[in-house]
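Computed from heavy atoms alone, side chains included, the values below leave out hydrogens, waters and symmetry copies. Small disclaimer: the values here were computed from a predicted structure and weren't measured.
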Amino acid sequence: MIDPRSEAVLIRNRQTGVFEDKTREVARYEFQPASQRIHLTFNGKGKTFPYGPDRVQILRNAVRRVLTGDDRVEVNGTLWESATETATFSGVQGTWCRVFYRSGGGEKYQTFPASQIRVVTSGTAIPLVNDVLRYWRTIVSRLSSDDPLRPPYDRLAFVHPESVLASYLTGAPIATRPPDAAPIFPFRCNLSQRKAVENGLTRSISVIEGPPGTGKTETILNLIANITAVQHKTVGIVSFGNAAVDNVRDKLGELGFGHILGNLGRKQKREEFFAQQPARNAAVAQFVSSAPQRPDPEQLADLDRRLRKLQEHERVLADRRQALDAHRLELRHFERHLEQAELPELANLPLLKKSADRVIDYLAESQLELTGSRPRLLRRIGNYFKYGSLRMLDPEDTDVVLRLQLAYYTKRIAELEQEVELAGSRLQRAEFEQLAEDHKDLSVRILHAGLADRYRKLSRTVYDADSYRRGRTFETFLEDYPALLSTCHSLRASIAEGYLLDYLIIDEASQVNLLLAGLAMSCARNVIVVGDQKQLPPIPVEAAADLEPPMPAYDCRRHNLLSSLAEQYGAELPSALLREHYRCDPAIIGFCNKKFYDGELIPYTVGKIEQPMIVVRTAEGNHMRRHHTGGRSNQREVDVISQEVIRDHCRGFADADIGITTPYRLQADKTRDVLDQIQADTVHRFQGRQKQVVILTTVLDETWRGRTGLPFVDDPQMINVAVSRAVRRFILVTNHDLMPTSRHIQDLVGYIRYHNPGDEVVDSTVVSVFDLLYSAYAQRLRPLAARLKKELKYASEDIIWTVLHDIFAEPRYAHLTAVPQVLLKNLLPDFARLTPDQTAYAKRRASLDFVVYNRVTNQPLLAIEVDGFAFHENKPVQLARDALKNEILRAHDFPLLRLPTTGSGEQQRILEALAGAEDHWAQRSAQ
């Protein structure tokens, strides 16, 4: 009898030429040496076959391996979770491996060439890996039962030893490999992007630091092009959410290469992707038929060498342009400083004919001499040849020093202007733009030709969402779709179990926590992490609050993926900073550059408008309100934006080009209610977006309650994100005192004021009569304060009482009067129109703060309610009562004006309401 665990009978299929395992069908065999044939008995019958490579092989003496809990069998790159044992045989045609696996309550097996099979041991066999995963699983187990992290972590029992997750958790050295070929750049590139791409293609772990507007998406696209068309490998592109990967999809599609993408992830995206396959396959056929001949690689190499040199000149041009703007601005401030000074001419002074460097050198050396460091004879002789005769100079005369400083500025500006002109001319003569376009076009042709070679070998297959991950089908799927788009949550569920992609690109990594990163990194051999440590981090994982990590680098409380890698590898981490900036006005990105990026960014943009940055401060007063829900809002800042900022500082910009952002959700909601055509959102939600104009409303005032919010609002990453969303203009709307106890906002205010000499801050004219409620109020309201009648219980009502009497003193409104605290029952004696709830409320001595009457006819015209924030907006019970009062007056078609104490422009609102009420009653009487 045949023992399936120690022998195998393989019979070659004549049609496919593949040996098939028939061991279970064969009962016994008999070898006939004379004829070199073999007699097999199977299925109750006997049959003789040629023995050897033509028909039949008998494999004996199997080497068996029973799998332990940490072992898995990998078949053609795919893990078989149900495998229990392997048996390896040697035969005429080489070595074969039989894989036994559980199926349907029993056991089955399949036989493969041994080269397609290997047994791998999970990284969890290493204690540290196991400890970290246990720590992460404990955190996940504390999350809500419907959290999307729970199912994938329940299944994460095996960590492939060749995955980047395994090397990250063990702290293994980052692997380096030589490049397969010279990289291509079909999406253009600059010097920083080149380095980032080269790092990503040659290191097992690398980081791309991508500050705002530095072309990180183009860098990712160039990586995808090289991985799929040059290296012919696979890549997953993931992020915390869908917006970043959607951006990659759209830009790759615009260039005509979208068909390489498997747009997977959540259920809806996956359904859309599989439904679009027929149209996509038709596009692939057209793509292959239109493919160009593969260009000569030497042609690209030659272009690349020339372009790299010119890109160095381009960087110099941008750097000199930045220095020129800075010196011009400094000169404006210096000239303002000199307005009252009369400086000596110092005619014919040799030093004034020398370079700016010589002038500044002399100023530095003369300062040293004043401290007692007198030069020796040889040095004095050297100074004569360096500076010329200095007999006319008195280095202790302040006016002389100021004259030399002015000379330095004018000379340095002239020198920089010349350098900018020369660098620009050099690039123009070398036809830099045309060369860059030629380089890009040649890269596109190589990409097109390389992908066309791939698709010529493939049939146009339509895959099924339920089966594309099974067995050999997934390998074929990856041939068709070598780049997979997903979220960090969904990548594991989008690929075959245990399969490793060659590369993983994690975008917006500063927002990816370690739990998400671990899932994604378990799916690939190499990872390229793209993000910005100076942008907003992910929301802290509260479930990790009281848990100690096995090692600090894996702490979910402190780290996102970027900071974890930095702690794990330190200086050994290959990191490329994208320095060239292409989005914001130079003054706008200049603040972020100085404040957050140590001056390493180089703006390639040119300023196009005056005052690209503006500070607008509200009138004096405490305008912030803290809500019972914990959020904060500032109606005054909303009013300033809607009534002044949009009108005065956003002229020429469409509503769609303006964005309003704030640290607080409630403030964003209030702004959206008033300006529903303009996008308003929190700073966290604005990350990744951009607008031509961005307005930041800071919400806080200078009360002690306001200052408790300062650590949140003054967060440096928050400020960096908010400012860097603006392309052409950034407007800061803040309290009257300009948040003096802040650190980063104060730096922002100071920076803007420095860039607007003579016009540093715009004072809002939007005021409210209720500003009188605060100890500090606008000067223009002091006359009203002197006239307050102080006849009513509440100060807010007394203010409106005074304003009403001021209005009624005018001849136009002399026929009107007002009565405070009017009972609803007296105003509306007929309750037949009311619901039972409304009737019950009206009968409980419900009253209106004021009712305006025609004092001649005694006709009531308008009801006025004064809504204090603490008693109305911030109390749900009172809000419900206010809603009942609104419904009652609406049922009787009676005009009502509500005046919140957090608002503004109350006198104008009263006048408009009076005019509307008189028109209303006139129309009613005419019916």
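- The aromatic rings of His448 and Phe287 sit parallel, their planes meeting at an angle under 30°, below the 60° perpendicular limit.
- Taking the six-membered ring for Trp and thresholds of 30 and 60 degrees, Phe477 and Tyr468 have ring planes inclined between 30 and 60 degrees apart.
- The shortest non-hydrogen separation linking Val723 to Ile588 is O-CG2, 3.6 Å.
- For an aromatic pair to be called close, the ring centres must be under 6.0 Å apart, and His259 with Tyr455 satisfies this.
- When atom types are taken as modelled, the side chain of Tyr503 and the backbone of Ile528 share no donor-acceptor pair closer than 3.5 angstrom.
- At a threshold of 4.5 Å between non-hydrogen side-chain atoms, the residues Gln687 and Met718 do not count as touching.
- Taking a cutoff of 4.0 Å between a charged side-chain nitrogen and a carboxylate oxygen, Lys251 and Glu218 qualify as a salt bridge.
- Side-chain contact between Leu578 and Lys216 is present, with at least one heavy-atom pair separated by less than 4.5 Å.
- The backbone N or O of Asn130 lies less than 3.5 Å from no partner atom in the side chain of Thr124, so there is not a single donor-acceptor pair.
- The shortest distance between side-chain heavy atoms of Glu508 and Val530 does not fall below 4.5 Å.
- For the pair Arg188/Glu437, a side-chain contact is recorded, criterion being any heavy-atom separation below 4.5 Å from C-beta on.
- Between Asp747 and Arg743 there is no salt bridge, since no side-chain nitrogen of the basic residue lies less than 4.0 Å from a carboxylate oxygen of the acidic one.
- Gln193 places a side-chain N or O within donor-acceptor distance of the main-chain N or O of Asn190, the cut-off being under 3.5 Å.
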task = Report the C-alpha separation of Tyr168 and Tyr554 in whole Å, then their side-chain angles, then the decisive distance to 0.1 Å, and conclude whether the ring-ring contact (aromatic ring centres under 6.0 Å, His included) test is met.
result = CA-CA 10 Å; Tyr168 159 68; Tyr554 310 120; 5.3 Å; yes
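- A 4.5 Å side-chain heavy-atom check between Val527 and Ile205 finds at least one atom pair inside the cut-off.
- Partners of Glu567 under the salt bridge (charged side-chain N to carboxylate O under 4.0 Å, His left out) rule, at least two apart in sequence or in another chain, are Arg558.
- Not one N or O on the side chain of Ser490 forms a donor-acceptor pair closer than 3.5 Å with the backbone of Thr487.
- When each of Arg579, Arg315, Glu600 is paired with Ser192, the side-chain hydrogen bond (donor to acceptor under 3.5 Å, both in side chains) condition holds for Arg315 and for no other.
- Counting heavy atoms from C-beta outward, Asp147 and Val140 have side chains that stay 4.5 Å or more apart.
- The side-chain heavy atoms of Leu252 and Phe187, taken from C-beta on, include a pair separated by under 4.5 Å.
- With a 6.0 Å radius and a threshold of 12 heavy atoms from other residues, nucleotides or ligands, Phe240 has its CZ atom at or below the threshold.
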request  = Check step by step if salt bridge (charged side-chain N to carboxylate O under 4.0 Å, His left out) holds for Arg194 and Asp304.
outcome  = CA-CA 11 Å; Arg194 284 176 178 275; Asp304 196 70; 2.8 Å; yes
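- Between Val73 and Thr86, the closest heavy-atom pair is CG2-CG2, 3.6 Å.
- Residue Leu514 holds its CG atom at 4.5 Å from SG of Cys556, rounded to the nearest 0.5 Å.
- Between the side chain of Ser443 and the backbone N or O of Phe185 there is at least one donor-acceptor pair closer than 3.5 Å.
- In this structure a side-chain-to-backbone donor-acceptor pair under 3.5 Å is missing from Arg492 to Cys523.
- Residues that satisfy the salt bridge (charged side-chain N to carboxylate O under 4.0 Å, His left out) test with Arg72, not counting sequence neighbours, are Glu81.
- Inspection of the Tyr463 and Asp480 side chains reveals an N or O donor paired with an N or O acceptor under 3.5 Å.
- For the residue pair Ser563 and Asn560, a side-chain donor N or O sits within less than 3.5 Å of a side-chain acceptor on the partner.
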key: Criterion side-chain hydrogen bond (donor to acceptor under 3.5 Å, both in side chains) on Ser724 and Arg583, from CA distance to verdict   = CA-CA 9 Å; Ser724 61; Arg583 178 196 294 167; 4.9 Å; no
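- For the 3.5 Å distance criterion, the side chains of Thr88 and Arg65 fail to qualify, holding no donor opposite an acceptor.
- Interatomic distance, Thr219 OG1 to Ile224 CD1, rounded to the nearest 0.5 Å: 11.0 Å.
- For the pair Tyr135 and Asp555, the minimum side-chain heavy-atom distance is below 4.5 Å.
- Side-chain atoms of Thr121 and Asp71 include a donor-acceptor pair closer than 3.5 Å.
- Residues Tyr499 and Phe474 place their aromatic rings such that the two centres sit under 6.0 Å apart.
- For Thr234 (side chain) and Asp502 (main-chain N/O), a donor-acceptor pair under 3.5 Å exists by modelled atom type.
- Residues Arg308 and Glu198 are paired through a salt bridge, judged by an N-O separation under 4.0 Å between the basic side chain and the carboxylate.
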